[in-house]
Amino acid sequence: MGDNGLNNADIMCEVEDFVINTPVGLLAIKVTNDEVIRIDLNSNESITSARSYFAKEVQRQINCYFEDASFKFNLKLNAKGTGYQRKVWLGLQNIPLAQTMTYGELASKIVSGARAVGNACRNNPIPLIVPCHRVVSTSGLGGFAGKLDGQLIDIKKFLLVHEGALLI
DNA sequence: TGTTTTGGGGCTG
DNA sequence: CAGCCCCAAAACA
């Protein structure tokens, strides 16, 4: 890491943005040549096509997931965050399909606190693939993408139903 | 229900 | 560095 806070990779890699349509609305996706950097839910941008080979592959895998929730993503991810955040995000990826865990349960696994886990989940730059939707509150669904209710929570609910972790 | 405790992160000075 | 505020929680009465 240099003084300007950038890795060499940040300088060298070209970034491609594209927007796809999914059952949970438009997703704005940001990739480099070989890594997923970010996924934004509820994008307001219009649909744009994936250009690079890698971008097309990301689009293909996301379509596969919406077709069949048991599809396993095989994509290189580059989620930028603090050490703690990365630890939480790693924990998220270890929650099996169709299962949920409470913020407190995940916290005890990594020797932390429930609210701290929630904070890190809120800052997850790659929702969907890093499955923060599988973490719920003891007294309900908890939040999603920084929101406690509304459209985003409907998406969280949809994903859990899609995966079979939640009855309709 | 409401109140209290909680653990990281980010901001400010 | 310290102090302060922000939260997608949880425990408890």
Side-chain angles (χ1 to χ4, degrees), chain A residues 1-11 15 17 19-31 35-45 58 61-62 65-66 69-73 75 77-168:
Chain A
M1 193 83 92
D3 290 341
N4 56 9
L6 297 175
N7 297 309
N8 286 335
D10 296 326
I11 298 161
V15 173
D17 292 284
V19 178
I20 64 174
N21 194 16
T22 76
V24 295
L26 300 185
L27 303 184
I29 301 169
K30 198 177 287 252
V31 301
E35 292 177 324
V36 183
I37 299 176
R38 163 173 287 277
I39 295 179
D40 288 308
L41 299 151
N42 258 0
S43 169
N44 291 320
E45 303 166 53
V58 171
Q61 292 199 22
I62 289 176
Y65 167 77
F66 280 112
S70 67
F71 176 81
K72 278 194 186 318
F73 286 103
L75 295 168
L77 309 177
N78 185 0
K80 285 199 171 59
T82 64
Y84 177 78
Q85 288 170 336
R86 299 172 76 93
K87 196 159 72 170
V88 172
W89 299 337
L90 206 59
L92 293 175
Q93 296 183 74
N94 288 329
I95 305 176
L97 178 74
Q99 287 189 32
T100 58
M101 194 176 275
T102 64
Y103 294 95
E105 282 167 353
L106 181 53
S108 64
K109 277 208 168 195
I110 62 174
V111 194
S112 177
R115 299 212 70 159
V117 167
N119 267 330
C121 291
R122 176 163 47 89
N123 291 111
N124 170 19
I126 315 181
L128 208 73
I129 299 180
V130 178
C132 47
H133 54 279
R134 295 183 193 152
V135 190
V136 299
S137 159
T138 52
S139 57
L141 274 183
F144 193 52
K147 303 288 183 180
L148 287 163
D149 49 42
Q151 185 72 24
L152 275 303
I153 298 304
D154 289 340
I155 293 177
K156 182 172 188 175
K157 207 179 300 179
F158 175 94
L159 294 174
L160 290 174
V161 170
H162 178 55
E163 296 183 356
L166 192 67
L167 299 178
I168 302 167

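- Between atom CD1 of residue A/I39 and atom CD1 of residue A/I129 there is a gap of 4.0 Å, rounded to the nearest 0.5 Å.
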- Message: Using a 4.0 Å heavy-atom cut-off to protein, can you give one letter per nucleotide of nucleotides 6-13 of chain C, 5' to 3': B if the base is in contact, S if only the sugar-phosphate is, - if neither?
- Response: -BBBS---

- Just do the side chain to side chain contact (heavy atoms under 4.5 Å, CB included) check on A/D40 and A/L27 with the steps written out, would you? CA-CA 6 Å; A/D40 288 308; A/L27 303 184; over 6 Å; no

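- With sequence neighbours excluded, the residues that form a ring-ring contact (aromatic ring centres under 6.0 Å, His included) with A/F73 are A/Y65, A/F71.
- Within residues 81-100 of chain A, no residue has any heavy atom closer than 4.0 Å to DNA chain C.
- Taking A/E45 as the reference, nothing meets the side-chain hydrogen bond (donor to acceptor under 3.5 Å, both in side chains) condition, with sequence neighbours excluded.
- In this structure, CD1 in A/I126 is found 10.5 Å from CD1 in A/I29, a value given to the nearest 0.5 Å.
- Applying the salt bridge (Lys or Arg N to Asp or Glu O under 4.0 Å) rule to A/R115 yields no partners; only residues at least two apart in sequence or on another chain are considered.
- The side-chain hydrogen bond (donor to acceptor under 3.5 Å, both in side chains) check on A/T100 picks up nothing, with sequence neighbours excluded.
- Partners of A/L90 under the side chain to side chain contact (heavy atoms under 4.5 Å, CB included) rule, at least two apart in sequence or in another chain, are A/Q93.
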- Given Watson-Crick or G-U pairs with both distances under 3.5 Å, what dot-bracket string fits DNA chain C, with | for other-strand pairs and [ ] for crossing? |||||||.|||||

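- Scanning for side chain to side chain contact (heavy atoms under 4.5 Å, CB included) contacts around A/A114 gives A/Y103, with sequence neighbours left out.
- Here the range on DNA chain B touched by chain A, meaning any atom under 4.0 Å from one of its heavy atoms, is B/dT6 to B/dG10.
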Enumerate donor-acceptor pairs with a distance under 3.5 Å from any side-chain N or O in residues 136-144 of chain A to protein atoms, sequence neighbours excluded.
{"unit_1": "A/S137", "atom_1": "OG", "unit_2": "A/S139", "atom_2": "N", "d": "3.0"}
{"unit_1": "A/S137", "atom_1": "OG", "unit_2": "A/S139", "atom_2": "OG", "d": "3.3"}

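- Contacts classified as salt bridge (charged side-chain N to carboxylate O under 4.0 Å, His left out) and involving residues 120-143 of chain A (residues at least two apart or in different chains) are given here: A/R134-A/E163.
- Of the possible polar contacts, one joining the A/N124 side chain to the A/V130 backbone as a donor-acceptor pair under 3.5 Å is found.
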